[in-house]
Amino acid sequence: MRDAGAPFWTEREEDLFAALGSAPNGLTSGEARERLVRYGANATAVSLQRSLLAKLGKRLAEPLIAILLIAAGVSGATGDWQSFAIITIIVLASIVLDLLQERKAEAAVEALKHSVAVMASVRRDGSLVDLPVHDIVPGDVVALRGGDLVPADGIVLISHGALCDESLLTGEPYPVEKRPGPCTANEPTDAFSAVFAGTSLVGGEATMMVVATGGGTRFGGIAASLQSRVAPTAFERGLHALGALIMRLTGFLVLFVLLTQLVRHGLTLESFLFAVALAVGLTPELLPMITTVTLSRGAVRMAARKVVVKRLSAIHDLGAMDILCTDKTGTLTEAKIVHVGSFDSAGAPASHVAELVRLNSRFASGLRSTLDDAILAAAPAAADGWVHVDDLPFDFERRRSSVLVARSGERLMVTKGAPEGVLALCTQVEASDGTTAPLDAARRAAIVALIDARGREGMRLLGVAWRRIPAERGTIAIDDEADLVFAGCAAFLDPPKASATEAVARLHKAGVRVKIISGDAEPVVRHLVETLALPARRLMTGADIANLSDATLAARAVDTDLFVRVSPDQKSRIVRALRRRGHTVGFIGDGINDAPAIHVADVGLSVDGGTDVAREAADIILLAPDLGVLADGVAEGRRTYANIMKYVRMGTSSNFGNMLSMALASLVLPFLPLAPLQVLLNNLLYDLSEIGIPFDSADAQELAKPRSWDMGAVLRFTLVMGPLSSLFDLATFALLRLGFGAEVAAFQTAWFVESIVTQILVIFVIRTTQPAWKSRPHPVLVASSLTALAAALLLALTPLGAIVGFVALPPAILVAIACVSLLYLAAAEMLKPLAMRAAPHRQGRRRSWPA
Ligand SMILES: Nc1ncnc2c1ncn2[C@@H]1O[C@H](COP(=O)(O)OP(=O)(O)OP(=O)(O)O)[C@@H](O)[C@H]1O
Ligand SMILES: [Mg+2]
């Protein structure tokens, strides 16, 4: 790239073209190909998917694993080759098992994400082509429209009222204007002629030449860190807290075992290894794998329903979501907007109003909205000799656009926009015969009533007004949007989506409240809600919201279902207010005006045809804009939650109970309750049995309500089921020592069998809140658990077990173990309702939201 020194925006356009070997017509595709090799892909975020080898290295370097391998090495050095070999094999086998599962899952999700990658309009070989953003190279000439992301750093060659949102980089909330020309400012924030990767165009149009790509961009690093810095969700925080708790308990237990062994036998290599093996057994090392695999299986299943998940953890957020905010167009309507006609201030069809609105649509620069498209589609815009002089592009705060046009010495400014807003700028009104009259209170009231009546019929309206401008004026400013003559309205229809009724009902049944947040007018939204028979309680307007403090808004927003005439900023304020009340909020939208709200929602959703900024801000993209598939997605999210909770329950109760019992037993036994090798083997087989969890199905009642992390429930489960499991372990222990007088080898074999049998089988009890026999587990889970169980029994009950020190057990002991295990399973089944009583989903105040 060019040498650093003076910032690129201080240089002249020609010099930059020369330095980068480019021209206003862009690069040839051959040249671009070479540059792509030279400069690398235009990607700032480092791939999260590390190589398999690096991941393996990271696992091996984990303290417990490292200690275990070192201890194995020491065993080997002292001549105990058998232990060395077996430990190493067990450790590596469990790591590889884990890694392969995770790898496969990640690859599937990565492929899905590619299908919704952002494209850019790039000039190659003289014409504009759509290319993936990461193929852009320095020297490329790129065309940008409102709603596009700026794909790389560069200078502005042409601008039509280009407005850039740089808030992500500068914190400055207002869009800044961009125009060509060298700029002397040194600070990027003042560089009006430069655009930067990571920002977006929110209005107007621009053509840029790329100066730096990928890691070479000014804010590349910041943008990447912003992207990855997604605040952890309640669920993730819960899992971390649990992991930390288990780690602490583990440390405690290991110290305890080491101390007692030290006091009683002096510290031997074997007792040290035993302690480490216990720690390994306790570590919820499968949790990341189970989470990733469960989520990615969810993602793949959702992809089949045309829902692409960009952020995996958004799936369980979807399951926890209890409020879904949606904009109107596209999700509740067909987004097939048709210009059905224009009427004058008296409500009579008026062709000259239609001509005015067409003039505006034809010459307005910047954001071309679906309304403009509809106007121009209804009739080709014959300019009738009018030429464009200047214009004020549309923005979502003003909700209008104006153009200045000229024809033979005459200059006219035509404004169109939200009718009540346009009317407020008018002081005169044009009658059907073309004469103008002052807009007195009575005339104003009549027009307001007319607009209201048409709105209630479901018509979306744009008010149209005009004013003459002195012929010498070449530009217009916002101040000129005053003293207008009200001409009439253009009317549009957008058919309601019939399928929305059922979809909303399904979401409601699933405990998800649907709120409509629209920039459109009240009567239009009301009409839609009535047509679709959507449940809707209170209504609030943007004007109401502007007068409320955040706290008051939060209190009122909860039981308001309709928000009308809200600005983009208010959309995100509403979402933040609802989140502050402890709700898990989803927001679905497609426009530039929706992007901020999508960004702050727990689950940001957009549709495939949406603007780049909306799609970039979203966690989930719907390839077909249909709320129905979202209801399926919600069920999917709850299922993943249920499956992850199964693993959590296993880890906190049976697994923990078993390890605890072993630590206690080591206190009183003259020998170790299990040899270190056997503990590791136990752990490996148990891991194996749980591999099927991500595949498992969830009971209907698990899917009926929003689910979010509930530490209380986890603790209750642990406090009931943990001691129960220990109780039966200790009974086994007493039986073996006092009843059968078992010595080392027999004791260890018997304990191993009891421990693994109960651990594995109890999963069928605690995987459901229903009676175990009523809920059918997934075949993969059955297969993985029974395979692990068979392997354990094969080892313990055949001569094969001699490798790890097992001996043949007398039938009496086997029968006793079988009885204890059965009793344990029965007791677990009986106590289960107490441990898993579904806590009512607490609406609101459930989660303290970090300010
Ligand atoms: N091209 C345009 N020119 C003038 N005014 C416009 C234009 N596009 C939109 N408006 C005005 O701005 C308002 C808000 O825009 P829009 O309806 O797109 O918002 P929204 O929140 O995305 O609505 P929805 O819920 O229907 O998706 C419109 O109701 C209309 O009055
Ligand atoms: Mg919209």
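Counting convention: from 1, in listed order, for ligands and their atoms alike.
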Item to check | Test log, rule side chain to side chain donor-acceptor pair (under 3.5 Å), inputs Thr370 and Asp373 | outcome: CA-CA 5 Å; Thr370 42; Asp373 291 341; over 6 Å; no
Those atoms of ligand 1 less than 4.0 Å from some heavy atom in [X]:
{"X": "Leu371", "value": "8 (N), 9 (C)"}
{"X": "Asn593", "value": "19 (O), 20 (P), 21 (O), 22 (O)"}
{"X": "Thr329", "value": "24 (P), 25 (O), 26 (O), 27 (O)"}
{"X": "Leu462", "value": "5 (N), 6 (C), 30 (C), 31 (O)"}
{"X": "Lys571", "value": "20 (P), 21 (O), 22 (O)"}
{"X": "Ala418", "value": "31 (O)"}
{"X": "Phe396", "value": "15 (O), 18 (O)"}
{"X": "Asp372", "value": "1 (N)"}

Next on the checklist: With a 4.0 Å cut-off on N to O distance, would you call Glu410 and Arg468 a salt bridge?
Outcome noted: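 So Glu410 pairs with Arg468 through a salt bridge.
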Next on the checklist: Within the supplied structure, the quantity of interest is the number of heavy atoms (other residues, nucleotides, ligands) at a distance under 6.0 Å from Glu457 CD; does it exceed 12?
Outcome noted: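 Count over threshold, so yes.
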Item to check | Under 2.8 Å from the Mg ion (ligand 2), the protein N, O or S atoms, given as residue and atom | outcome: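 Checking every protein N, O and S atom gives Asp327 OD2.
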Checklist entry - With a 3.5 Å cut-off and no angle check, do the side chains of Thr415 and Glu481 form a donor-acceptor pair? => result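 Result is no, nothing qualifies.
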Next on the checklist: Enumerate the ring-ring contact (aromatic ring centres under 6.0 Å, His included) contacts for residues 509-559, please, sequence neighbours excluded, ordered by first and then second residue.
Outcome noted: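 Sorted result for residues 509-559: empty, none.
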Checklist entry - Do Leu157 and Met208 have side-chain heavy atoms sitting under 4.5 Å apart? => result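 No, every pair of side-chain atoms sits at 4.5 Å or beyond.
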Checklist entry - ligand 1 versus Asp520, non-hydrogen atoms closer than 4.0 Å: side chain, backbone, both, neither? => result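 For Asp520, backbone and side-chain atoms both sit under 4.0 Å from ligand 1.
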Next on the checklist: Just to be sure I read this right, does ligand 1 sit under 4.0 Å from the backbone of Arg565, its side chain, both, or neither, counting only heavy atoms?
Outcome noted: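 Side chain only.
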Checklist entry - Among all residues two or more places apart in sequence or in another chain, which pass the side chain to side chain contact (heavy atoms under 4.5 Å, CB included) test with Pro349? => result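 Once residues adjacent in sequence are excluded, Pro349 has no partner under the side chain to side chain contact (heavy atoms under 4.5 Å, CB included) criterion.
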Checklist entry - Of the choices Arg400, Lys416, Arg460, Lys328, which has the non-hydrogen atom that lies closest to atom 16 (P) of ligand 1? => result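 Selected option, by shortest heavy-atom distance: Arg460.
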Next on the checklist: Evaluate Gly417 for polar contact with ligand 1, using N/O atom pairs at a separation under 3.5 Å.
Outcome noted: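 Looking only at distances, the answer is no, because the N/O contact criterion of under 3.5 Å is not met.
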Checklist entry - Any idea which heavy atoms bring Ala320 and Thr584 closest together, and the distance? => result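 In this case the closest contact between Ala320 and Thr584 is O-CB, 3.4 Å.
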Item to check | Least distance between heavy atoms, Ile592 atom then Val613 atom | outcome: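 The answer is CA-CG2, 4.0 Å.
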Checklist entry - Looking at residues at least two apart in the chain, or sitting in another chain, which of them share a side-chain hydrogen bond (donor to acceptor under 3.5 Å, both in side chains) with Asn593? => result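 Asn593: no side-chain hydrogen bond (donor to acceptor under 3.5 Å, both in side chains) contacts found.
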